[in-house]
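In the text below, chain A, chain B and the rest are named by the order of the sequence lines, each starting its count at 1.
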There are 2 protein chains.
Amino acid sequence: MAEVSAERGRATRERLLRAAVSLIGEVGWSGVSTRMVAQRAGVNAGVVHYHFASVSDLLVAAGVGFARELLEQTGAELASRPSVADGIDWLLRELSRYSGTDPASLLLAEMFLAAGREPGLRAELGALVDGFRSRVAGWLREHGQGARAEQSAVVIAALIDGLVLHRALDPALDPATLAGPLRAMLGVPPEGGQR
Amino acid sequence: MAEVSAERGRATRERLLRAAVSLIGEVGWSGVSTRMVAQRAGVNAGVVHYHFASVSDLLVAAGVGFARELLEQTGAELASRPSVADGIDWLLRELSRYSGTDPASLLLAEMFLAAGREPGLRAELGALVDGFRSRVAGWLREHGQGARAEQSAVVIAALIDGLVLHRALDPALDPATLAGPLRAMLGVPPEGGQR
DNA sequence: ATTTGTCTTGGGCGTTCGACCAAATAGTAG
DNA sequence: CTACTATTTGGTCGAACGCCCAAGACAAAT
């Protein structure tokens with residue numbers, strides 16, 4: 001078989017996916033065009049339709065791949081925190097890194113919207129978010145939050161995305177200042193790990 | 001002056017705004033076209049550019065008008081609740097009415113995204129959300145939540161939008177089940193209701 | 001009756017889009 | 001070498017886009 005050719009094709013496919021990820025954040029889901037993504041990937045426009053049946057297919061594959069990586073990484077890091085107070089502090093600090101206007105934030109938001117119009121994307125993204133929630137709930141349960149672990153996890157997951165959205169409107173909004181209400185919600189003493 | 005003409009013109013302008021509001025939710029901010037909005041409003045395509053300098057101007061005017069009405073109405077209703085527990089319950093019940101896939105939910109989400117690319121929209125929407133937060137904070141302070149009223153208001157406002165987003169992915173997610181964590185956050189007895 | 005100003009119409013300009021295709025290129029196998 | 005497959009190229013297609021404009025329609029003012 002043409003092994004080197006196949007290898008080069010895989011690399012091109014990867015470049016297309018990466019180009020799509022960055023472009024979705026910059027110009028919006030529906031703003032991404034064949035020519036645009038091809039130019040950024042450094043390939044001819046026709047190549048896009050060789051590797052993907054349609055532009056939609058490319059966008060879904062790119063977005064889901066990115067979201068999977070981000071959610072699994074965040075979930076793992078959060079679950080490894082020794083205490084709930086620690087985890088909350090870490091999460092809020094992590095959220096401060098996303099301004100709400102950076103490509104990563106915008107990509108996430110764009111995916112939520114596109115999911116409403118692309119059933120396949122909705123199913124995949126829904127499964128990812130559900131997995132994240134379960135992971136958070138499990139972590140809370142491990143630390144004695146059994147009673148409302150599930151509901152608290154829902155609140156935390158939704159709050160993450162809500163805060164990213166609101167930071168886009170008001171960059172002065174600092175997530176780190178919200179530790180108080182969150183600790184109260186989770187029944188953690190106000191002065192847990194750090195101040 | 002041509003009073004009847006002017007009146008008819010105002011009515012046409014209103015129809016264009018309403019058509020734009022419904023279309024943003026259906027096809028997305030950037031998916032709305034001149035011809036589309038004109039057809040839905042029952043007027044010729046050229047009329048759009050008589051009443052508005054550009055499609056963007058129309059969308060901003062339509063979106064901001066809708067958001068202003070919704071936020072002021074919700075803020076007023078929430079602030080009129082006799083107790084924090086009451087308000088939380090009402091808010092969560094109200095949230096249940098938005099599936100995350102209905103035009104109103106989608107319009108709100110689309111506006112957050114579009115705000116990142118249209119500075120004018122961002123300023124207006126930011127002011128509206130800030131006003132809503134202040135109103136919620138004032139209401140919390142009135143009911144003895146002075147210590148963390150501001151932060152709690154930020155959490156509540158962000159949570160609203162986050163929940164709408166997440167409901168779009170998982171319609172089974174029922175906001176009403178989240179009263180427990182929220183009451184804990186606000187220092188309200190879990191079940192009794194009034195403080 | 002004529003003028004004035006507001007509103008409405010149909011059409012056209014230039015651009016960009018997704019999709020598709022035949023030809024060209026590169027690498028493997030016989 | 002030839003035969004074959006995978007990949008890339010440059011180009012074309014019809015459709016839709018935002019925006020603009022000249023002309024018509026119409027109620028009020030003169």
Side-chain angles (χ1 to χ4, degrees), chain A residues 1-24 26-63 110 113-114 117-121, chain B residues 1-24 26-63 110 113-114 117-121:
Chain A
M1 304 221 184
E3 213 162 289
V4 177
S5 283
E7 176 56 38
R8 196 163 43 125
R10 235 172 292 137
T12 300
R13 198 188 139 97
E14 281 300 319
R15 282 217 309 282
L16 285 173
L17 288 172
R18 269 198 298 274
V21 164
S22 68
L23 279 171
I24 291 171
E26 291 175 29
V27 300
W29 187 274
S30 59
V32 180
S33 71
T34 321
R35 293 161 176 81
M36 214 181 272
V37 73
Q39 184 189 2
R40 176 151 310 186
V43 299
N44 188 278
V47 179
V48 175
H49 281 87
Y50 175 79
H51 288 280
F52 299 92
S54 68
V55 176
S56 278
D57 279 13
L58 165 60
L59 295 178
V60 169
E110 291 283 351
L113 283 175
R117 297 179 190 103
E118 309 227 13
L121 174 60
Chain B
M1 304 239 180
E3 214 161 287
V4 176
S5 282
E7 175 55 38
R8 196 162 41 123
R10 234 172 292 137
T12 299
R13 197 188 138 98
E14 279 301 318
R15 281 217 311 282
L16 285 172
L17 287 172
R18 269 199 298 274
V21 164
S22 68
L23 278 171
I24 291 171
E26 291 175 28
V27 301
W29 187 274
S30 59
V32 180
S33 72
T34 321
R35 294 161 176 82
M36 215 180 270
V37 73
Q39 183 189 3
R40 175 152 309 188
V43 300
N44 189 276
V47 181
V48 175
H49 282 87
Y50 176 81
H51 288 281
F52 300 91
S54 68
V55 176
S56 278
D57 280 12
L58 165 60
L59 295 179
V60 169
E110 291 283 352
L113 282 175
R117 297 179 189 107
E118 308 226 14
L121 173 61

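One can place NE2 of H51(A) at 12 Å from P of dA6(D), the figure rounded to the nearest angstrom. Atoms CH2 (W29(B)) and P (dG18(D)) sit 14 Å apart, rounded to a whole Å. Regarding R13(B), its CZ atom lies at a distance of 15 Å from the P atom of dT6(C), rounded to whole Å. As rounded to whole Å, 11 Å separates atom P of dG18(D) from atom CG of L58(B).
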* With the sugar-phosphate defined as primed atoms, P, OP1 and OP2, and the base as all remaining atoms, what B/S/- string results for nucleotides 9-24 of chain C, 5' to 3', for protein heavy atoms under 4.0 Å? -> BB-B----BBB-----
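For dT8(C), the OP1/OP2 oxygens have a side-chain nitrogen or oxygen of T12(B) closer than 4.0 Å.
Remark: R15(B) engages no residue in a side-chain hydrogen bond (donor to acceptor under 3.5 Å, both in side chains) (not counting sequence neighbours). Contacts of R13(B) classified as side-chain hydrogen bond (donor to acceptor under 3.5 Å, both in side chains), with partners at least two apart in sequence or in another chain: none. Taking Q39(A) as the reference, nothing meets the side-chain hydrogen bond (donor to acceptor under 3.5 Å, both in side chains) condition, with sequence neighbours excluded.
Tested against L59(A) for a side chain to side chain contact (heavy atoms under 4.5 Å, CB included), the candidates I24(A), L17(A), V21(A), V37(A) yield a single pass: I24(A).
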Result block: side-chain N/O donor-acceptor pairs under 3.5 angstrom for residues 27-36 of chain A, not counting sequence neighbours:
| from | atom 1 | to | atom 2 | distance (Å) |
| --- | --- | --- | --- | --- |
| S30(A) | OG | S30(B) | OG | 2.7 |
| S33(A) | OG | M36(A) | N | 3.2 |

Could you give the side-chain donor-acceptor pairs of residues 43-54 of chain B under 3.5 Å, partners two or more places apart or in another chain?
| from | atom 1 | to | atom 2 | distance (Å) |
| --- | --- | --- | --- | --- |
| N44(B) | OD1 | G46(B) | N | 2.9 |
| S54(B) | OG | S56(B) | N | 3.4 |
| S54(B) | OG | D57(B) | N | 3.2 |

